[in-house]
There are 2 protein chains.
Amino acid sequence: MNTLAEENYLKSIYHLSLNTQNVSTNQLAALLNTKAASVTDMLKKLADKQLINYARYQGVSLSAAGEKIALQIVRKHRLWEYFLVEKLNFKWDEVHEMAEEMEHISSMELVDRLDKFMNFPKYDPHGDPIPDSDGNFKAHELKPIASIEVGGSGIISGVRDHSAGFLQYLEKQQLTIGKKIKVTEINEYDNSMILQADDKKIHISREVANNLLIVI
Amino acid sequence: MNTLAEENYLKSIYHLSLNTQNVSTNQLAALLNTKAASVTDMLKKLADKQLINYARYQGVSLSAAGEKIALQIVRKHRLWEYFLVEKLNFKWDEVHEMAEEMEHISSMELVDRLDKFMNFPKYDPHGDPIPDSDGNFKAHELKPIASIEVGGSGIISGVRDHSAGFLQYLEKQQLTIGKKIKVTEINEYDNSMILQADDKKIHISREVANNLLIVI
DNA sequence: TTATAAATTTAGACAAGTCTAAATTTATTA
DNA sequence: TAATAAATTTAGACTTGTCTAAATTTATAA
Ligand SMILES: [Mn+2]
Ligand SMILES: [Mn+2]
Ligand SMILES: [Mn+2]
Ligand SMILES: [Mn+2]
């Protein structure tokens, strides 16, 4: 079907498309850890295959066919992450690289059975929605904690930064998916916030508040 | 570490080495579904990496380092096959191609946890032994049913032919791993055999008898 | 609105892995 | 043992995916 490289490009275009209309060559190069020239080469190939809409110098978006493929890869990635955490007891900061490889296992029958085996989970260990076999999913209505005012509360349901460092920090602070938090104080000087979670007060920086997402 | 192609070559050399001292270029080409010239190219590469012992025109064998890698791939292949059958309910004739991809997932931590998750199985769905994380395993003392005389009996514990067609045939005849059988009759004309299994009489050809292995 | 900067593409090269066709070595057999 | 056949290797080419350096296009800003 599609090569491993093609799949990684499609998935990256998908992710970047969530924030911008047209994805730029440089954005892709940064995310894929490659060079702009290499990206251009691949974009030509994907355009030939009708998987993307591409006009020279104008950036790129997924075609319907490309999005379908991207969603299947995202589905596999998130299901394998769920498997690694729930069945093999990995921590949420340990699974990304492994899933990066596993998402390319081609059998659809396999991923559907895996889905069933785990009882059709709707969200991965980082709170990201898992598309079903048709590519459909419902995302949470997420807001960064930074956007909440004093007195507001919600349930931690996602992260904006998926890096192992950030995830480990959150784990240490016990700020994990599903936890109910309330904003009790905002420091005017640096905009850092104090949260009430269970019986603890947790002090988080503005940067953390920007990258930690809740459902109200 | 090693590329996917290199891993597949090492594994193939390993399998062929079980029957012959030095593996030939043509044997590898046949098993890997490629051409002899391609095999020669790869053998040079693997020899440079000290993973095989190779002398031009003389065939090839694994070095200690090469065998270690091959055993890890075999371990992963068989553990994933076990997972697919025991956890995801695939049939034993359906899992080979998927495991062919999954065996290349690199994380050793992952495979060790998978092993633990499944309670350290010793044999894969086809009766082949699963190496432990150090590459050690104990193979069954296997004999083809064809070598048994009338009155002899044993437990089905392996197959010589792993093709889906053969496995499906065995399944249909209920000649599956673990079943106790007894040879009740050998037809002199075509050497076909009649087996007693549970309460059934099963008639098998010489060819089947050669490819079905038992422990006495 | 022109000059400069930034982004992107093109040109040309390279490594991995494969192939066909030709050359070489080894095995077989007359 | 010499001729022929079979197996293997070499030569040269091709594809995929990548890179650097140079050229081109688009964006920004004086
Ligand atoms: Mn990937
Ligand atoms: Mn995730
Ligand atoms: Mn393989
Ligand atoms: Mn097997």
(request) Look at the side chain of Thr40(A) and decide which nucleotide, out of dA7(D), dG17(C), dT9(C), has an atom nearest to it. (result) dT9(C)
(message) Just the rounded figure in Å: distance from C1' of dG17(D) to CD of Glu6(A).
(response) 10 Å
(message) We want to know whether His203(B) and Asn187(B) form a side-chain donor-acceptor pair, criterion being a heavy-atom distance below 3.5 angstrom.
(response) no
(message) Output the rounded distance in Å from CG (Leu4(B)) to C1' (dA15(C)).
(response) 17 Å
(request) Considering just the side-chain nitrogens and oxygens of Lys44(B), establish if one lies under 4.0 Å of OP1 or OP2 belonging to dT10(D). (result) yes
(message) For the residue pair Asn53(A) / Ser63(A), report whether a side-chain donor-acceptor contact shorter than 3.5 Å exists.
(response) no
(message) Please verify the inter-ring angle class for Phe83(A) with Trp80(B); under 30° counts as parallel, over 60° as perpendicular, anything in between as tilted.
(response) tilted
(request) Write down the distance between OH (Tyr54(B)) and P (dT9(D)), rounded to a whole number of angstrom. (result) 3 Å
(message) Without decimals, in angstroms, what is the distance between Leu46(A) CG and dT9(C) P?
(response) 13 Å
(request) Indicate whether the side chain of His126(B) and that of His96(B) have a donor and an acceptor atom separated by less than 3.5 Å. (result) no
(request) Measure from CD on Gln58(A) to P on dT26(D) and round the result to the nearest Å. (result) 6 Å
(message) Please determine whether a side-chain nitrogen or oxygen atom of Ser24(B) lies at a distance below 4.0 Å from atom OP1 or OP2 of dA7(D).
(response) no
(message) Taking 4.0 Å as the cut-off, does a side-chain nitrogen or oxygen of Thr34(A) come that near to OP1 or OP2 on dC19(D)?
(response) yes
(message) Under 4.0 Å from OP1 or OP2 of dT16(D): is there any side-chain N or O of Lys45(A) that close?
(response) no
(message) Whole angstroms only, please: what is the CG-P distance between Asp48(B) and dG17(C)?
(response) 13 Å
(request) Tell me which nucleotide among dT18(C), dT9(C), dG17(D) gets nearest to the side chain of Ala36(A). (result) dT9(C)
(request) State whether Tyr57(A) places a side-chain N or O below 4.0 Å from either non-bridging phosphate oxygen (OP1 or OP2) of dA6(C). (result) no
(request) Would you tell me if any nitrogen or oxygen in the side chain of Asn26(A) comes within less than 4.0 Å of OP1 or OP2 on dT8(C)? (result) yes
(request) Report the distance from atom NZ of Lys35(B) to atom P of dA21(C), rounded to the nearest whole Å. (result) 10 Å
(request) Taking only the side-chain nitrogens and oxygens of Ser38(B), find out if one of them lies under 4.0 Å from OP1 or OP2 of dC19(C). (result) yes
(request) Report the distance from atom CG of Asn33(B) to atom P of dT18(C), rounded to the nearest whole Å. (result) 11 Å
(request) Have a look at Ala37(A) and say if it touches a base, only the backbone sugar-phosphate, or nothing, with a 4.0 Å heavy-atom cut-off. (result) base
(request) Say whether Ser163(A) and Asp161(A), considering side chains only, have a donor N or O and an acceptor N or O under 3.5 Å apart. (result) yes
(request) Would you mind classifying the nucleic acid contact of Thr25(A) as base, sugar-phosphate or nothing, using non-hydrogen atoms under 4.0 angstrom? (result) sugar-phosphate
(message) Measuring to OP1 and OP2 of dA7(D), would you say a side-chain N or O of Arg56(B) lies under 4.0 angstrom away?
(response) no
